[in-house]
Amino acid sequence: MASIGQIVEQTAGSEVLKRARQRAVLVPDCMVEAKRIANTVIAGWHGRRKRGIGENFWQFRPYADGESFSRIDWRRSARDDHMYIRDREWEAAHTVWLWADMSPSMMYKSTLASVSKESRALVLMLALAEILARSGERIGCPGIMEPVSARNAAERLAAAIMHAPLTEGLPDTRMIRGASDIVLIGDFLDDADRVMQRITPLARRGLRGHVVEVADPAEETFPYTGRTEFTDPETGEKLTSGRAETLREDYQQAYLARRDTMSDQLRRMGWSFTHNRTDRLASEALVAVHMHLSGMPPAAIRSAG
């Protein structure tokens, strides 16, 4: 027992317990917000539909040279001077793995933002789970929840997150088998090359990936002036600057260079990259990721953004 007047630093165990409790309290509110955003985004959409083997009608499309005449819908074609193919909808469920970074740096929230990075990441993950579950997809979370195909997949994921142990860094993906999509949501503040060393093997295994970078506006604009003490939330290391404003230009160049390097490398290997600030709408990132998952061309996604 500590003597009276002695300051006792928190043990690693108590800090982990504190963070776990904070996350557990945060999740229910994030689930409510995720459902609200999902309902807004999904209005008028039809999921990740595509033509293939199935029983349900999807669309009529013009006949193309070389296609089998047996697929022509003669009744529809009789209405005008063109021949039409009757497409059916692909019914096989796809597996989408969702992961959100819960490391200490994600707990940051400046006065310029309405929510923390952790809250935004959870909302994006749960809202995406809600939309995909409605589309009949299988939803999983590496190391937290095995893939499930159910209307309440988002609620099940939220419950699993509340009771999952805290981990740092990118998730263990050894349990992922076969062709799948994986969505990684975090601030990715590590060196770009270090992040890519973890991501590149996933692409080589055939995973289609989508990275969502969540950023606080203060991390981009660096609004600090005068004597300022900066603390690394991961290591606890401190840096004191007598005139913080003199660091702004160099800081912003380094910060944006890290993002540009990572996004360029991701796109070269066929992955998508989406950026979302916590002073912007979560729905902006959600729409972009959903369109990437749906296989829409980049030009259409840029136009929607």
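FYI, the numbering just counts along the sequence from 1. Bear in mind that the values here come from a model prediction, so they are computed numbers and not experimental data. Only this structure's heavy atoms are used, side chains among them; waters, hydrogens and symmetry mates stay out.
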Is there side-chain contact between V212 and L124, with heavy atoms separated by less than 4.5 Å?
yes
I'd like to know if K117 pairs up with D216 as an ion pair, taking the criterion as any Lys NZ or Arg NE/NH1/NH2 lying under 4.0 Å from an Asp or Glu carboxylate oxygen.
no
Is it the case that the side chains of T228 and R243 hold a donor-acceptor pair, with the cut-off being a distance below 3.5 Å and no angle test?
no
Would a 4.5 Å heavy-atom cut-off, applied to side chains only, mark V123 and C30 as touching?
yes
Rounded to the nearest 0.5 Å, how far does CE of M83 lie from CD1 of I72?
4.5 Å
Do E234 and S105 pair up side chain to side chain, a donor and an acceptor below 3.5 Å, judged on atom types alone?
yes
Can you see which heavy atom on R258 is nearest to which on L189, and at what distance?
CD-O, 4.1 Å
Electrostatic pair K35:E155 at N-O distance under 4.0 angstrom
yes
I want to check something: taking the side chain as every heavy atom from C-beta on, are W97 and D181 in contact at a cut-off of under 4.5 Å?
no
Does a sphere of radius 6.0 Å around CD in E229 hold more than 12 heavy atoms from other residues, nucleotides or ligands, not counting ones at 6.0 Å or beyond?
yes
Using 4.0 Å as the upper bound for N to carboxylate O, is an ion pair formed by R120 and E33?
no
Residues R138, V96; criterion side chain to side chain contact (heavy atoms under 4.5 Å, CB included); working and verdict:
CA-CA 6 Å; R138 301 173 70 240; V96 182; over 6 Å; no
Are R277 and D279 close enough for a salt bridge, meaning some N to O gap below 4.0 Å?
yes
More than 12 non-hydrogen atoms from neighbouring residues, nucleotides or ligands closer than 6.0 Å to CZ on R259, yes or no?
yes
Considering only heavy atoms from C-beta outward, does the side chain of L184 approach that of H210 to under 4.5 Å?
no
Take H275 and E213 through the test side-chain hydrogen bond (donor to acceptor under 3.5 Å, both in side chains) and record every step on the way to the result.
CA-CA 5 Å; H275 167 64; E213 182 197 61; 2.9 Å; yes
Looking at E245 and R248, is any side-chain nitrogen of the basic one under 4.0 Å from a carboxylate oxygen of the acidic one?
no
Pairs meeting criterion salt bridge (charged side-chain N to carboxylate O under 4.0 Å, His left out) with involvement of residues 188-201, two or more places apart
none
How would you list, by chain and number, every residue that makes a ring-ring contact (aromatic ring centres under 6.0 Å, His included) with Y224, sequence neighbours excluded?
F222, F230
